[in-house]
Amino acid sequence: RMDGKEVLWLPGTDHAGIATQNAVEKALKKAGEIKHRDDLGREALVAKIWDWKEKYGGIIIQQLKKLGASCDWSRERFTMDPEYSRCVQKVFVDLYQKGLIYRGKRMVNWCPASLTALSDEEVIMKEQKGLLYYFKVEVAEAPGTFLTIATTRPETIPGDTAVAVNPKDPRYAALIGQHVIRPLPAELPREQKLIPIVGDEHVDFEFGTGVLKVTPAHDKADFEIGARHHLAAIEVIDAAGRMNDAAGADLRGLDRFKARKVASEKLAELGALEKEEPYTNNVGFSERADVPIEPRLSEQWFLKYPSTEKSQAVVATGEMKFHPDRWAKVYDHWMGGLQDWCISRQLWWGHRIPVWYRNGETHCGLEAPAGEGWVQDPDVLDTWFSSWLWPFATMGWPEQTETLKKFYPTTDLVTGPDIIFFWVARMIMAGYEYMGEPKFGLPNAMPFRNVYFTGIIRDKQGRKMSKSLGNSPDPLDLIAKYGADALRFGVMRAAPLGQDILFDEQNVELGRNFCNKLWNACRFRQLQGGEVQGEINPQLLTGDDKWILLRLDAVIRELNAAFAEYKFSDATAALYRFFWNEYCDWYVEASKAAFSSPDEARKANTLAVIDFVLSHTLRLFHPFLPFITEELWHGMGYSTDMPEEQGGQTIMFAPWPKALEDDIKEFYSLSTEAVAFVEARNDLIVQGRNLRRAGNLQAGKKVKYVFHPTAPIAAHDVEVLKLLLNAENVEVVSAYEPKKGTPAVRTTLGDLYLPLEGLIDVEAERARLTKEVEKDRAEIAKVEQKLANPNFTQKVPPAVLEEHQKRLADWQAKLAHDQAALEALG
RNA sequence: GCGCGCUUAGCUCAGUGGUAGAGCAUUACCUUCACACGGUAGGGGUCGCAGGUUCGAAACCUGCAGCGCGCACCA
């Protein structure tokens, strides 16, 4: 809907074309111009579409231009792509000549009246409230003996060509081979009403009366029974859903649902109807036309799948990988039970079937044969019959173009698991059939090496997003509200590999907040001033600098690992943690100590580290946050010194960050020992902040701490302590005798005191410490229990044993400290 | 009927053998000069149930229950 008017989107080809046809049909029906698509025809339909384009196209173009899109309305664009269509035809002809394509009669789901409004009867059908009709038939060889049959579809009785019973059913087995007298059409002479009683395993003893009427022309299961027993198939319902002449005088010309009622009345009149009982129908409905589907015997084109063995094996052996791999099982299961593919469709839009007829002759080829009177098959091909050629037909096949050689096979296909069979499996088969290695010298013929299956986004109730439910949020609205990057990041972060996700706007909000954090962190760097600092002086690196460089190294490795496994939500989570919790929460805060000092060299070096980290971070974020990172890449000046094709022009071309090599780590002295101190100091800070609770101090209140270190501590680190503890001062002492009740923590770096000069809430602190002691004891008990088990100490790997012993020692030390603090409270 | 998933904090979900995690929500405190779309510190979980394997199970095996999806069937 645009400008309050209902308009049509008129897309060019294939799948979208089918949607177009349906939309046009629906619209014309609504406008009362046609009753059924048969009323229109191919040429008229295309003309109508063109007419509507003239009428409404302007509005569409206007809207598209507003969005900055270009739009080509030439008539050529509005048809099937001729080159692609040529590929489709070639493949059809090839498969036909190989004998894999054949014409056959099969039961297909038919939409008899796709454009008519639902009749009352159809509404009843839709509610699945039907009736089960019980009627009796006389056994011809034994007059006076009757069989009772239950059916939901009495209107198809004229099409019955047998009744079936289970040969193991003792009630009826003896009757097999005899005949019954079919009640309808009533006007036929007796000999034309005789139909055989056949034995078939398919018949369920339990259902109804155990006697099944067999209508091969109008039921899929019955068609199969008919095939097994060589029964005739009598059609009684025509393509429009109306009863035909074969249905007899009483039903002829009636709508199929009207006919049902009339047939039951006729049975009653004949004294054959025994009873009717309510029955919950389970009738298929056409999603598009919203009418009950009619199984109908119909002449269609079928394809025996080619290259099935290779296609099944390539996934089973893991040569082609599915992500997540559980879909490989689904694929294998389906490939093991392939049924021939019905490739013809009775639609106006699509690739035409390249077959011509003349007086009983059939010709399959790219062109109509010479001579008069050839008529092309009116059907079009299933849309997937063109789609399955997509990996190569888009690139010039069958010519060996450079593009084709370069991009076939491709590495990854990204798609939804709901089209594994429709599309993925068929592309693999077409790949093997048409891109075999001898011709192209390819390492193998598979169209792609990996298939990544996305999850499906559902609404909060777990329903699929759908137009008819109207439960899909408009991405444009979300982008307007939160930004495109926020939408992308939020959704990726929430979507674990292969799992459906419930859409929640909060995820997008999270993305927005993250972008905001990134923006502000970059702003912080800019407010410190100075040019982009390229050179890091290893001599001037602080522990924090080394720590953040190693964290950066770690996150690059995590990211690479996540990408290798297609775990994009892991990748976003790692980035989120690194940037927010490690860089912003710790490094940026600690760096403020450097910026507040008068040491210009250290300031410059800190800026260099920040520039190094941010320029890497922006590139790491770019696949997830393409817009904001591009903006910041230029805004921060990181593009300035880059060669044009390596990030000077756009961050898209900037090299992907590599994890730090060992020699770089050595050059900057980035050892694990170097960062152990930082982590211990951060632990000290967290515990120090905790002490504030003892005094019930407000977070903003500046306080004095006293620190008694176990080893000398650099002035810079004391400054960091002061900043991050939000302290007025941190007094470093070589010995300290705290007053009774002074809150304190003991860490590996030393003891930290918060002298509160009587402000302490003794009871609150006692409660806190008591709780801590309880927790310490519980943890100690857990570890001790394990260590006391000889099985554990003997069988466990040394590293795990060591880790447990250390854990025990740590908890015991903490317990001792907490108990001492508790006693000190008095 | 066949096949495939899921069940972990109030919610949505990570976590494939070694101290139970994230985001949101929630509690207290804080508008401190990158950011209140923010900061600091908390609270909150017998990991669906029952067995088994193991020194050790949220994870592996078996069974059960509940929820969901796909395919088939539906006289």
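Residue numbers start from 1 in every chain, and the chains themselves are labelled A, B, ... in the order their sequence lines are given, proteins ahead of strands.
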Colleague: Let me know the distance between CZ of A:Phe792 and P of B:U19, rounded to the nearest Å.
Modeller: 10 Å
Colleague: Give the nucleotide from the list B:C55, B:G42, B:C37 with an atom nearest to the side chain of A:Asn516.
Modeller: B:C37
Colleague: Tell me which nucleotide among B:G5, B:A34, B:U19 gets nearest to the side chain of A:Glu803.
Modeller: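 It is B:U19.
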Colleague: Looking only at atom P, what distance separates B:U40 and B:C4, rounded to whole Å?
Modeller: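 B:U40 and B:C4 have their P atoms separated by 47 Å.
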Colleague: For A:Glu505 and A:Tyr482, test the side chains for any donor-to-acceptor distance below 3.5 angstrom and give the result as yes or no.
Modeller: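 There is such a pair between these side chains.
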Colleague: Does B:G18 have a Watson-Crick or wobble mate here (both distances under 3.5 Å), and if so which one?
Modeller: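 Looking at the geometry, B:G18 pairs with B:C55.
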Colleague: P atom, B:C61 versus B:G43: distance in rounded Å?
Modeller: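 Straight-line distance between the two P atoms is 35 Å.
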Colleague: With distance as the sole criterion, is a donor-acceptor pair present between the side chains of A:Asn726 and A:Lys702 under 3.5 Å?
Modeller: yes
Colleague: Please give the nucleotide sitting opposite B:G5 as a Watson-Crick or G-U wobble pair, both distances under 3.5 Å, or none.
Modeller: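 Paired with B:G5, as far as the under-3.5 Å criterion goes, is B:C67.
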Colleague: Going by atom types only, do A:Tyr133 and A:Arg153 share a side-chain donor-acceptor pair under 3.5 Å?
Modeller: no
Colleague: Classify the side chain of A:Gln339 and the base of B:A72 as holding, or not holding, a donor-acceptor pair under 3.5 Å.
Modeller: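 No.
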Colleague: From the list B:U19, B:G5, B:C35, which nucleotide is the closest neighbour of the side chain of A:Glu589?
Modeller: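 My answer, after comparing the listed nucleotides, is B:C35.
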Colleague: RNA chain B: A:Arg153 or A:Asn789, which has the more 5' nearest nucleotide?
Modeller: A:Asn789
Colleague: If I pick the P atom on B:A59 and the same atom on B:A50, what distance separates them, to the nearest angstrom?
Modeller: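 It comes out at 12 Å once rounded to the nearest Å.
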Colleague: Which base, if any, makes a Watson-Crick or G-U wobble pair with B:G10, both distances under 3.5 Å?
Modeller: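 Per the H-bond distance test, B:C24.
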Colleague: Please give, in whole Å, the distance from B:C33 P to A:Arg525 CZ?
Modeller: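 That distance rounds to 21 Å.
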Colleague: With rounding to the closest Å, how many angstrom separate the P atoms on B:A65 and B:A72?
Modeller: 26 Å
Colleague: Could you tell me if the side chain of A:Phe524 sits less than 4.5 Å from the side chain of A:Phe595, heavy atoms only?
Modeller: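 SC-SC contact between A:Phe595 and A:Phe524 confirmed.
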Colleague: Rounded to the Å, how far apart are A:Tyr705 OH and B:U40 P?
Modeller: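 Atom OH in A:Tyr705 sits about 14 Å away from atom P in B:U40.
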Colleague: Please state how far atom CZ in A:Phe568 lies from atom P in B:A14, giving the value in whole angstrom units.
Modeller: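 Going from A:Phe568 (CZ) to B:A14 (P), I get 16 Å.
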Colleague: Is there a Watson-Crick or G-U wobble partner for B:G44 with both distances under 3.5 Å, and if so, which one is it?
Modeller: none
Colleague: From CG of A:Asn520 over to P of B:U31, roughly how many Å is that when rounded to an integer?
Modeller: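 After rounding, the gap between these two atoms is 20 Å.
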Colleague: Could you please name the option among B:A41, B:C37, B:G3 that lies closest to any side-chain atom of A:His333?
Modeller: B:G3
Colleague: Looking only at the side chain of A:Leu527 (C-beta and beyond, no hydrogens), which of the listed nucleotides B:G38, B:U19, B:A34 gets closest?
Modeller: B:A34
Colleague: Does A:Lys786 make a side-chain N or O approach to OP1 or OP2 of B:U19 shorter than 4.0 Å?
Modeller: no
Colleague: Within less than 4.0 Å of OP1 or OP2 of B:G39, is there a side-chain N or O belonging to A:Trp580?
Modeller: yes
Colleague: Quick one: label A:Cys584 by what it contacts on the DNA or RNA (base, sugar-phosphate, nothing), any heavy atom closer than 4.0 Å.
Modeller: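 If one applies the 4.0 Å heavy-atom cut-off, A:Cys584 turns out to touch a base.
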Colleague: Generate the contact string for nucleotides 21-27 of chain B. Rules: B means base contact, S means sugar-phosphate contact only, - means no protein heavy atom under 4.0 Å.
Modeller: -SSS---
Colleague: When the C1' atoms of B:U31 and B:U19 are compared, how many Å lie between them, rounded to an integer?
Modeller: 38 Å
Colleague: Should the pair A:Arg807-A:Glu803 be classified as a salt bridge under the 4.0 Å nitrogen-to-oxygen rule?
Modeller: yes
Colleague: Measuring only the P atom in each nucleotide, how far is B:C11 from B:U16? A whole number of Å is fine.
Modeller: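 Nearest-Å result for B:C11 against B:U16 at atom P: 23 Å.
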Colleague: Hey, which of these two, A:Ala521 or A:Val211, hits RNA chain B nearer its 5' end, going by closest nucleotide?
Modeller: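 Taking each residue's closest nucleotide, the earlier one in sequence belongs to A:Ala521.
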Colleague: Less than 4.5 Å apart, any side-chain heavy atom of A:Asp485 and any of A:Arg512?
Modeller: no
Colleague: Has A:Lys517 got a side-chain N or O lying under 4.0 Å from the OP1 or OP2 atom of B:G39?
Modeller: yes
Colleague: Would you measure the distance from the P atom in B:C64 across to the matching atom in B:A57 and give it in whole Å?
Modeller: 24 Å
Colleague: What is the distance from CG of A:Leu684 to P of B:A41, rounded to the nearest Å?
Modeller: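 Checked: the CG to P distance equals 13 Å.
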Colleague: Side-chain N or O of A:Lys782 versus OP1/OP2 of B:A20: is the shortest distance under 4.0 Å?
Modeller: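 Yes.
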Colleague: Over all strands shown, is A:Val214 touching base, sugar-phosphate only, or nothing at heavy-atom distances under 4.0 angstrom?
Modeller: nothing
Colleague: A:Lys702 has an atom NZ; how far is it from atom P of B:C33, in whole Å?
Modeller: 11 Å
Colleague: Can you tell me the Watson-Crick or wobble partner of B:C33, both distances under 3.5 angstrom?
Modeller: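 Base-paired to nothing in any strand shown.
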Colleague: Which whole-number value in Å describes the distance from A:Asp570 CG to B:U16 C1'?
Modeller: 13 Å
Colleague: Tell me whether the guanidinium CZ or amine NZ of A:Arg551 lies under 6.0 angstrom from the six-membered ring centre of A:Tyr583 and within 45° of its axis.
Modeller: no
Colleague: What nucleotide among B:C55, B:G42, B:A14 has an atom nearest to a side-chain atom of A:Val796?
Modeller: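 When the side chain of A:Val796 is considered, B:C55 is the closest of B:C55, B:G42, B:A14.
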Colleague: At 4.0 Å (heavy atoms only), tell me whether A:Lys567 reaches a base, stays on the sugar-phosphate, or touches nothing.
Modeller: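 The answer is nothing, as A:Lys567 stays clear of every strand by at least 4.0 Å.
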Colleague: Any salt bridge linking A:Lys722 with A:Glu728? Criterion: basic side-chain nitrogen under 4.0 Å from a carboxylate oxygen.
Modeller: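 A salt bridge is absent here (no side-chain N lies under 4.0 Å from a carboxylate O).
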Colleague: How would you label the contact of A:Pro797 with the nucleic acid (heavy atoms, under 4.0 Å): base, sugar-phosphate, or nothing?
Modeller: base
Colleague: Identify which nucleotide among B:C4, B:G38, B:U40 has an atom closest to any side-chain atom of A:Arg689, counting heavy atoms from C-beta outward.
Modeller: B:U40
Colleague: Check this for me, if you would: do A:Lys275 and A:Glu277 make a salt bridge, where the nitrogen-to-carboxylate-oxygen distance has to be below 4.0 angstrom?
Modeller: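 A salt bridge links A:Lys275 with A:Glu277.
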Colleague: Does the base of B:C4 carry an N or O that pairs as donor and acceptor with the side chain of A:Lys329 under 3.5 Å?
Modeller: no
Colleague: In Watson-Crick or G-U wobble terms, both distances under 3.5 Å, what is the partner of B:C74?
Modeller: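 Result: none.
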Colleague: Spell out, as yes or no, whether a donor-acceptor pair under 3.5 Å connects the side chain of A:Asn520 to the backbone of A:Asn516.
Modeller: yes
Colleague: Looking at B:U40, I'd like to know if its phosphate oxygens (OP1 or OP2) sit under 4.0 Å from a side-chain N or O belonging to A:Arg692.
Modeller: no
Colleague: Counting heavy atoms from C-beta on, name the nucleotide in B:G39, B:U19, B:U32 closest to the side chain of A:Asn726.
Modeller: B:U32
Colleague: Counting the atoms with a prime plus P, OP1 and OP2 as sugar-phosphate, which does A:Arg523 contact under 4.0 Å by heavy atoms, base, sugar-phosphate, or nothing?
Modeller: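 Here A:Arg523 touches the backbone only, sparing every base.
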Colleague: Determine whether the side chains of A:Asp683 and A:Thr747 contain a donor N or O and an acceptor N or O closer than 3.5 Å.
Modeller: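 Result is no, nothing qualifies.
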Colleague: Is any side-chain N of the basic residue among A:Lys814 and A:Asp810 closer than 4.0 Å to the acidic one's carboxylate O?
Modeller: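 Between A:Asp810 and A:Lys814 there is no salt bridge, as every charged N stays at least 4.0 Å from the carboxylate O atoms.
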Colleague: Any base atoms under 4.0 Å from A:Asp222, or only sugar-phosphate, or nothing? Heavy atoms, all strands.
Modeller: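 Result for A:Asp222 = nothing.
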Colleague: Could you work out the separation of B:G68 and B:C55 based on their P atoms and round it to a whole Å?
Modeller: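 B:G68 and B:C55 have their P atoms separated by 41 Å.
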Colleague: For a quick check, tell me whether the side chain of A:Arg512 and the base of B:C37 share a donor-acceptor pair closer than 3.5 Å.
Modeller: yes
